[in-house]
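Scroll down for the structure; my scribbles are underneath it.
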Amino acid sequence: MAWYQYIWAPGIWGNPAVHTAWTAGTLVALASGAVGVFVVMRGQSFTGHALGDVGTTGAAGAFLAGIGALWGFLAAGAVTGGAVEWLGRRVRERDIATGVVMAFMLGLAALFLYLVSIYTNASNAPMTILFGSLFTVSPSLQPALVALSVAALAILALIYRPLLFSTATPEVARSRGIRVRLVGLAFMLALVIAAEEAALAVGAILSTALLIGPAATAARAARRPATAVLLGAGLAVGNIWLGILLAYDSYWWPPVHTGWPVSFFVTLLSLLMYGVGGLLQRGRRMRALPVPQEGGQ
Amino acid sequence: MKTESTIQPTSQAALEITDLGVAYESTWVLDHINLTIQQGEFIGIIGPNGAGKSTLLKTVAGLIRPTHGEIHFPTAQGRRHPVGYVPQRFDLDPDLPLRACDLVGLGLDGHRWGFAWPNSQRRRKIEEALAQVDLAGFADHPAGKLSGGQLQRVLIAQALVSDPELLLLDEPLSSLDLASAQTVVDVVHRVSQELSMTVLLVTHDMNPLLSVMDRIIYVVNGQAVIGTVDQVVQKDVLDKLYGYDVEVLRLRGRILVVGDETASGDAAGFDHR
């Protein structure tokens with residue numbers, strides 16, 4: 001075996017599960033990475049994380065009802081996102097409202113998962129919901145994932161300037177006639193889609209790795225908002241691709257020939273990228289930023 | 001109580017406030033405010049903390065809906081958002097991917113859908129606005145790494161780039177060191193002169209602005225008096241406004257309003273440096 005075959009394993013491209021994971025992962029990563037940059041800029045990381053967590057409830061409920069997990073994820077996200085927007089109308093209240101709603105939704109998840117264990121013999125359902133299973137995502141979901149990712153990105157593109165305005169200087173935006181609440185609500189819709197897609201791909205409690213990690217790295221590295229959004233999407237896609245590759249390779253790793261969970265690699269890469277980005281940033285900060293001379297033309 | 005303006009009677013009114021009242025949960029924060037501001041006037045809104053200064057400014061900015069009364073912008077000719085509003089100091093995350101020119105650009109077209117595609121005309125307008133506030137070279141500087149005074153001036157540029165009828169500034173000098181505060185005062189004064197811009201500026205300390213203000217609006221307990229500094233900052237006028245005895249001291253070109261805290265409880269909790 002040539003050395004590169006340890007990384008680019010023979011037959012990886014011919015594997016249908018990899019193909020499906022690659023397509024689904026790319027679609028999810030594009031939306032999560034781009035939306036995530038605004039989540040980071042708006043200080044909504046906790047909401048983003050909570051939206052992933054509560055997906056557990058929806059997915060477990062969907063499992064009980066015998067419908068696709070994706071729809072459960074989305075339903076739970078929509079309910080939670082709506083409740084958070086409604087209850088947490090002030091920034092200060094938002095984290096509290098998010099926490100309270102999330103706790104109740106996770107309580108429901110406990111009930112649903114208990115019922116799943118009683119009435120079905122799907123012992124690995126909780127694992128799949130909580131920690132993801134990109135390799136088992138059904139190919140039939142692809143049209144839905146395309147539509148959802150396109151919708152999230154389209155919302156982001158449409159409200160881009162008012163959203164940036166509302167994020168940077170909300171009072172000024174309001175004085176210029178922007179309906180900041182409505183813009184926030186539209187963004188919440190994009191966030192629900194991105195967070196629940198990420199929950200489906202890498203697991204309800206690991207979705208942050210895709211939604212926040214690459215976006216936070218990009219937001220810190222970039223100087224322009226548009227660059228940050230593109231970089232966030234790019235890093236998230238890179239993260240998923242490399243994660244899939246490593247998970248496929250891990251089939252030959254110890255202890256047995258089963259392959260490690262792809263979610264593990266995605267979270268690891270997310271952490272690494274954030275850490276390395278931080279170190280580079282610190283190095284850049286040491287070299288003093290040139291401060292322009294003040295004065296008129 | 002209203003006194004005539006130092007501005008020539010021929011000039012046009014830029015702002016007319018008629019019987020304005022603002023109530024929060026059945027408490028009147030502002031009541032029966034009647035004011036007319038002429039075009040090009042530099043107005044300081046002055047008063048103790050909690051008097052309603054910022055509420056007055058925010059109501060003019062359209063951020064607070066008046067409970068009763070009307071606000072008119074006669075020079076705006078029906079323009080829906082004719083004011084440039086500069087908010088109270090806030091901190092931006094130093095790592096935010098946002099440059100000074102992004103903030104100013106939002107003032108120009110942040111209300112529109114979609115992206116702002118780069119073009120030279122847009123860039124020129126942004127750079128002109130930054131030059132007006134003495135920050136010509138700062139277009140690509142990270143917004144989160146600007147000093148407090150610089151961020152304040154970038155936000156002034158953000159307001160100016162929309163070509164407003166009025167410039168409204170909420171406590172632009174608070175938590176700035178003296179030199180930065182003076183720079184902000186100089187910039188706003190120069191802008192008001194060069195563009196004959198009407199300026200309303202909220203401050204709890206009138207002293208840095210004594211040489212540049214045409215008139216002041218003195219707000220106490222939701223009531224307001226307008227006039228020149230010499231007309232308004234007088235013992236008899238302020239006694240009536242505060243509702244108790246105050247002393248007005250003029251020392252070395254500075255003015256201090258000293259209240260009688262014992263007689264008034266926390267109502268006198270204002271602070272003039």
Side-chain angles (χ1 to χ4, degrees), chain A residues 37-38 40-43 91 154-180 183 186 215-232 277-278 281-282 284-285 288-297, chain B residues 58 60-63 80-81 83-88 90 92-103 105-107 109-116 118 127-128 130-143 145-147 149-150 153 155 158-159 162 164 168 170 183 187 190:
Chain A
V37 169
F38 275 102
V40 171
M41 286 176 74
R42 294 166 65 81
V91 176
I155 292 171
L156 206 59
L158 185 67
I159 64 171
Y160 182 80
R161 265 183 289 185
L163 180 63
L164 198 60
F165 207 171
S166 313
T167 302
T169 50
E171 282 193 311
V172 182
R174 226 150 61 72
S175 78
R176 297 294 307 281
I178 291 170
R179 296 164 79 178
V180 172
V183 171
T217 311
R220 232 167 32 176
R223 281 184 155 202
R224 306 159 185 248
T227 315
V229 172
L230 294 177
L231 187 61
Q281 183 86 4
R282 192 179 294 179
R284 198 168 73 180
R285 203 173 294 152
L289 193 71
V291 177
Q293 199 67 37
E294 285 195 24
Q297 282 160 323
Chain B
K58 284 180 179 171
V60 174
L63 295 172
R80 284 186 62 201
H81 304 285
V83 303
Y85 176 73
V86 179
Q88 230 176 72
F90 62 95
L92 285 173
D93 177 357
D95 289 331
L96 210 61
L98 206 64
R99 301 158 298 166
C101 64
D102 295 315
L103 278 177
L106 288 170
D109 54 20
H111 56 287
R112 292 178 196 229
W113 300 113
F115 300 98
E127 283 180 350
E128 277 172 11
L130 281 167
Q132 275 174 335
V133 297
D134 287 349
L135 290 173
F138 279 75
D140 293 315
H141 203 73
K145 294 194 170 84
L146 296 164
S147 74
Q150 288 168 344
R153 283 185 280 151
L155 293 175
Q158 186 192 47
S162 67
L168 310 177
D170 197 355
T183 315
V187 161
R190 201 190 60 230

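Below, each value reflects all heavy atoms present in this structure, side chains not excepted, and no hydrogens, waters or symmetry copies. Chain letters run A, B, ... following the sequence lines, proteins first, then strands; residues in each count from 1.
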Top of A157(A), A222(A), A226(A), A221(A) for chain B proximity - count of heavy-atom pairs under 4.5 angstrom: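 Most heavy-atom pairs within the cutoff with chain B belong to A157(A).
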
Selection from V37(A), T227(A), L164(A), V229(A) maximising heavy-atom pairs under 4.5 Å formed with chain B: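 Of the options given, most contacts go to L164(A).
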
Using non-hydrogen atoms and a 4.5 Å limit, figure out which bit of A228(A) sits close to chain B: side chain, backbone, both or neither.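 Only the side chain of A228(A) comes within 4.5 Å of chain B.
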
Residue [X] versus chain A: region with a heavy atom under 4.5 Å:
X       : result
R112(B) : both
L92(B)  : side chain
D102(B) : side chain

Locate the shortest heavy-atom distance separating [X] from [Y]; write the atom from each residue and the value.
X       : Y       : value
L106(B) : F165(A) : O-CE1, 3.2 Å
L96(B)  : M41(A)  : CD1-CG, 4.0 Å
Y85(B)  : E171(A) : OH-OE1, 3.6 Å
P225(A) : L98(B)  : CG-CD1, 4.0 Å
R174(A) : L63(B)  : NH2-O, 3.0 Å

What option among A116(B), A143(B), P87(B) has the most heavy-atom pairs under 4.5 Å with chain A?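 Greatest number of close heavy-atom pairs with chain A: A116(B).
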
Go through L155(B), L103(B), D109(B) and name the one with the most non-hydrogen pairs under 4.5 angstrom from chain A.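 Answer, by heavy-atom pair count under 4.5 Å with chain A: D109(B).
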
Inspect the surroundings of CZ in R224(A) and state if more than 12 heavy atoms from other residues, nucleotides or ligands are less than 6.0 Å away.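 At most 12 heavy atoms, drawn from other residues, nucleotides or ligands, come within 6.0 Å of this atom.
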
For the pair [X] (side chain) and [Y] (backbone), establish whether a donor and an acceptor sit closer than 3.5 Å, ignoring hydrogens and angles.
X       : Y       : result
R161(A) : G114(B) : yes
R176(A) : G107(B) : yes
R223(A) : P97(B)  : no

To the nearest 0.5 Å, tell me how far I178(A) CD1 sits from H81(B) NE2.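 Those atoms lie 9.0 Å apart.
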
Nearest 0.5 Å please: distance from the CZ atom of F115(B) over to the CG atom of L158(A).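 With rounding to 0.5 Å, CZ (F115(B)) is 10.0 Å from CG (L158(A)).
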
